[in-house]
Amino acid sequence: MTPGLTSFVTRHPSGVVWFRLWERCHEICHPGRPSHVQRRETGVVMKIAVAGGTGMTGRLVVEALRARGHAPMALSRGQGVDLLDGSGLDAALAGVEAVIDVSNVTTLRKSVSVDFFDRAGRHLVGAAARAGVRHLVTLSIVGVDRVKNPYYAGKLRQEEIVRSGAVPWTILRATQFHDFAGQVLSGVPGPIAVVPAARIQPVAVREVAEALAGLILEAPQAMAPELAGPQVESLVDMTRRLIAAGGARRRPVLPLYLPGGTSSGRLLPTDSGPRGTQTFADWLREKTSATPA
């Protein structure tokens, strides 16, 4: 599909209709090779690549796809694929029909985040276009365009690359995972944990993985409705409850107001999209019950 038609499909209100017309053209031009929609509707096994497929989210995406009867393949350095320099990508994507991107970098530096998502995004989208991939689903973050955050700058760059690429796309913005409270605490050294005063609507990572596995089987829809958890929580309260439950080192938690939207509710969803079912309390109970005494 050409970049111009891709742009129309993913931006125009009737873009899904045009995508199906494009799929019909594919059926005519490639007789005997089922289209993306046909494979979903007839239960034919699809070969789906998962960038970041060996990470926390990626492993669950691979599991969800396999449970649906498809053939997921993790793109990782262990498999000879490097997103940052593009090596191994063309060979890995040969015969792949769809790609889910949950690749990630752990950093609080804007330059590192932008560099990672720029290079990884350009290489992945370029290789996917050359391979004739018909749907790219990318995981992003609710509030990424409303909160000034060094890491978010990289995610915004990733979204820009996907939008301007030649592969039909869907971007799913999800809220922070329940694990976020522990990640925040682990990044704060010292006897006192200084935690951003923020309201978030955390979601279970497994539910995000299931949503991604579902979206990849549908027609590209550009910006998917935002996915969030069932309840709004205080991040400070979440960290205190995690500590009290024995899930993190015991120490006082000090709230810190942050400018730039973090402490003013901009991390919350703005639409009435899908909501997960597992609450933070459910997750915490599950986590602590599974932790050896």
Side-chain angles (χ1 to χ4, degrees), residues 55-57 102-118 120-121 138-160 171-205 207-208 223 225-245 247-273 275-276 278-281 283-284 287:
M56 177 180 69
T57 307
V102 292
S103 59
N104 193 31
V105 62
T106 302
T107 183
L108 292 177
R109 294 175 56 192
K110 178 179 178 179
S111 60
V112 173
S113 180
V114 171
D115 178 69
F116 175 86
F117 287 111
D118 178 78
T138 301
L139 177 62
S140 192
I141 308 168
V142 167
V144 70
D145 56 342
R146 302 191 302 272
V147 174
K148 293 182 179 180
N149 177 289
Y151 172 76
Y152 284 9
K155 293 298 290 183
L156 279 175
R157 178 60 184 142
Q158 181 188 40
E159 288 192 4
E160 291 169 0
I171 293 175
L172 173 65
R173 289 178 176 174
T175 53
Q176 287 74 22
F177 302 151
H178 295 310
D179 311 74
F180 186 58
Q183 293 169 357
V184 170
L185 288 173
S186 66
V188 181
I192 298 176
V194 180
V195 174
R199 290 183 302 133
I200 63 175
Q201 199 164 331
V203 65
V205 61
E207 292 179 320
V208 174
M223 298 303 297
E226 295 176 339
L227 174 61
Q231 294 179 357
V232 175
E233 304 276 2
S234 158
L235 180 56
V236 170
D237 182 58
M238 288 169 63
T239 57
R240 287 172 174 163
R241 290 158 65 188
L242 182 62
I243 291 172
R249 177 164 60 92
R250 187 170 294 277
R251 51 181 168 158
V253 174
L254 179 67
L256 174 67
Y257 177 86
L258 291 180
T262 298
S263 296
S264 57
R266 294 182 189 174
L267 292 172
L268 297 174
T270 57
D271 63 29
S272 56
R275 299 294 178 257
Q278 186 186 50
T279 65
F280 178 73
W283 173 85
L284 186 58
K287 175 181 172 64

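Nothing fancy with the numbering, it's 1 onward along the sequence. Basis for what follows: all heavy atoms, side chains included, without hydrogens, waters or symmetry-related copies.
Residue pairs meeting the side chain to side chain donor-acceptor pair (under 3.5 Å) criterion with at least one partner in residues 175-194, sequence neighbours excluded, are Tyr152-Gln176. Sorted by first then second residue, the side chain to side chain donor-acceptor pair (under 3.5 Å) pairs that include residues 225-235, not counting sequence neighbours, are Glu233-Arg241. Applying the side chain to side chain donor-acceptor pair (under 3.5 Å) rule to pairs touching residues 247-264 yields nothing, sequence neighbours excluded.
The minimum heavy-atom distance between Leu235 and Ala181, with the atom names listed, is CD1-CA, 4.3 Å. When all heavy atoms are compared, the tightest approach of Leu172 to Pro225 is CD1-O, 3.5 Å. For the pair Leu139 and Ala174, the tightest heavy-atom approach, listed with the atom from each and the gap, is CD1-CB, 4.1 Å. Residue Pro191 comes nearest to Pro252 through the heavy atom pair O-CD, 3.4 Å, listed as atom of the first residue, atom of the second, then distance. Annotation for Ser140 and Ile171: closest pair CB-CG2, 3.9 Å, computed over non-hydrogen atoms. Val236 and Pro255 make their closest contact through CG2-CB, 3.9 Å (heavy atoms, listed as atom of the first residue, atom of the second, distance).
Applying the side chain to side chain donor-acceptor pair (under 3.5 Å) rule to Arg240 yields no partners; only residues at least two apart in sequence or on another chain are considered. Take Tyr151 and apply the ring-ring contact (aromatic ring centres under 6.0 Å, His included) test, not counting sequence neighbours, and it matches Phe117. Remark: Thr57 engages no residue in a side chain to side chain donor-acceptor pair (under 3.5 Å) (not counting sequence neighbours).
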- Message: Show, in sequence, the C-alpha distance, side-chain angles and deciding distance for Val184 and Met238, and conclude whether the side chain to side chain contact (heavy atoms under 4.5 Å, CB included) test is met.
- Response: CA-CA 10 Å; Val184 170; Met238 288 169 63; over 6 Å; no
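Taking CD of Glu207 as the reference point, atom CZ of Arg275 lies at 12.0 Å (rounded to 0.5 Å). Here CD1 of Ile200 is found 11.5 Å from CZ of Phe177. Values are rounded to the nearest 0.5 Å. Rounding to the nearest 0.5 angstrom, the gap separating the CG atom in Leu156 from the CG atom in Asn149 is 10.0 Å. To the nearest 0.5 Å, the span separating CG on Leu268 from CZ on Arg146 amounts to 8.0 Å. Note that CG of Leu185 is 5.0 Å distant from CD1 of Ile243, once rounded to the nearest 0.5 Å.
No side-chain donor-acceptor contact under 3.5 Å links Arg157 to the backbone of Phe116.
A heavy-atom distance below 4.5 Å is not found between the side chains of Arg109 and Pro150. Counting heavy atoms from C-beta on, the side chains of Asn104 and Met56 never come closer than 4.5 Å. For the pair Leu242/Trp283, a side-chain contact is recorded, criterion being any heavy-atom separation below 4.5 Å from C-beta on.
Partner of Arg173 under the side chain to side chain donor-acceptor pair (under 3.5 Å) criterion, out of Thr270, Asp271, Thr138, Asp145: Asp145 alone.
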